[in-house]
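These notes concern the structure reproduced below.
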Protein chains: 2
Amino acid sequence: MAGRARSAQEPGSRQRLVSAAVTLLARQGYEATTVNGIAVEGAAPMGSFYFHFPGGKEEIGVAALGYGAERFAERLGEVLAQQASLAEALAGCANWLADELVASEWADGCPIAATALESVTRSAALRAAAAAGFERWCDVLRDRLVSEGLSDEAATDLATNALSLIEGAELLARAQASPYPLYRAASALRTLATAALADPADAP
Amino acid sequence: MAGRARSAQEPGSRQRLVSAAVTLLARQGYEATTVNGIAVEGAAPMGSFYFHFPGGKEEIGVAALGYGAERFAERLGEVLAQQASLAEALAGCANWLADELVASEWADGCPIAATALESVTRSAALRAAAAAGFERWCDVLRDRLVSEGLSDEAATDLATNALSLIEGAELLARAQASPYPLYRAASALRTLATAALADPADAP
DNA sequence: GTCTATAACCCGATAGAC
DNA sequence: GTCTATCGGGTTATAGAC
């Protein structure tokens, strides 16, 4: 912990570094992000960086994936709770992400996706942190589905597919600089939700 | 063109370099891939690299995205043609990719995805090449859907969603080292295909 | 805990002989 | 077309004063 108390408006240098890393990993991925860039964006000197993260770049990468995943999980839960129907709750997630991407001109994407792909053959620690983040988001989605009456199995299937569809649509949207893949995903999510609720084999 | 004819079994150094770049971009993304690594994997010296690609790393990146996209488009068309029903044709794509990922222990992923995410805020040329590749795959999917009687609009929607779902499922599968996201995507693709064929609003 | 300076290394790219 | 040698710059990480 820090040596003295800080106000909530002025996070300590460690927290600023982690937040900066989340932003940079979401924008440009892990390999293109430099520790120097993180220190500049987090308004901290290099000496401070290696004091807080003696494990260097990989250690802050793991911390950033964990913090970014948790922060997104909270917002995801809020958006899912805003709509009464399951179909509109899922579609609302896709539309929400489309709005955020347009607002940042496609810069601020998923805080995990790029690093996850880059780490598969290069860092077991980063890959595990990415997998844990995706798992966390699946759990948030599944909780909402179970509360609609879906069985555990049906909820797991639909939660995984919803996350896959949204992640893939965001990938296409950022590459093509178009929100349409996410709008189309919203429509497909309504179809999948309706089918899951209608199928008697999926009831508990 | 090359100065002399070559047998098909011995591609010239330019082609070897492009093929090597496709493999490396699929495995570890753009930023982690070095021109030196491409030259080694392609069994060509550095001087040869810069003779064929005076534009350097970005130029071979664009060439690799184009060649990788075309090669995948051909195999995608073949897999789509193997099944009589639309639902099984789409599900077969997801299962096929699951098999390939397991066989390579999650190393050989999408030849575009990682580079697409890394290039959004860093290279307009790479981003455009990635977008063109995704568009090409969407066209292959759409042709199959139109041949089933779907309207242009319905076919475009379903083709985009199928590609999003498969790309997202592959992302989750590689991060979690599990084929289940792709197996679940196969199931969802059957649902989406069935719904599209049943909806009279989607008929031409 | 923070800072500056710098070490050790690797990157993309070029030069120029052949 | 191919090769070797090398340049300049940016990278991660450390040293050591404060």
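Quantities reported herein were computed from a predicted structural model and do not represent experimental measurements. The analysis underlying the following values was restricted to heavy atoms, covering all of them including side chains, and did not include hydrogens, waters or symmetry mates.
Per the geometry, NE2 belonging to His52(B) stands 7 Å off C1' belonging to dG1(D), to the nearest Å. Atoms CZ (Arg14(A)) and C1' (dT2(C)) sit 16 Å apart, rounded to a whole Å. In this structure, Arg16(A) atom CZ and dT2(C) atom P are separated by 8 Å, rounded to whole Å. Taking atom CZ on Phe51(B) and atom P on dG1(D), their separation rounds to 5 Å, with Å as the unit.
In this structure, Trp96(A) has its ring center under 6.0 Å from that of Phe72(A).
At most 12 non-hydrogen atoms from other residues, nucleotides or ligands lie less than 6.0 angstrom from CD of Glu153(B).
Residue Ser48(A) places no side-chain N or O under 4.0 Å from the OP1 or OP2 atom of dC3(C).
Residues that satisfy the side-chain contact (heavy atoms from CB on, under 4.5 Å) test with Ala159(B), not counting sequence neighbours, are Leu141(B), Arg142(B), Leu145(B).
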Exercise for review: At under 4.0 Å between heavy atoms, which parts of nucleotides 11-18 of chain D does protein reach? Answer with one letter per nucleotide, 5' to 3': B base, S sugar-phosphate only, - none.
Suggested key: SSBB----
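Under the 4.0 Å criterion applied to side-chain N and carboxylate O atoms, Glu74(B) and Arg136(B) are not assigned as salt-bridge partners. Look at Arg144(A) and Glu148(A) and you find a salt bridge, because one of the NZ, NE, NH1 or NH2 atoms lies within 4.0 Å of a carboxylate O, short of that distance. The residues Glu105(A) and Arg174(A) are annotated as not salt-bridged, no charged nitrogen and carboxylate oxygen being separated by less than 4.0 angstrom.
If you check the side chains of Ser104(A) and Glu100(A), you find no donor sitting under 3.5 Å from an acceptor. In this structure, a donor-acceptor pair under 3.5 Å is present between the side chains of Gln28(A) and Thr33(A).
DNA chain D is contacted by no residue of residues 114-126 of chain B, taking any non-hydrogen atom closer than 4.0 Å.
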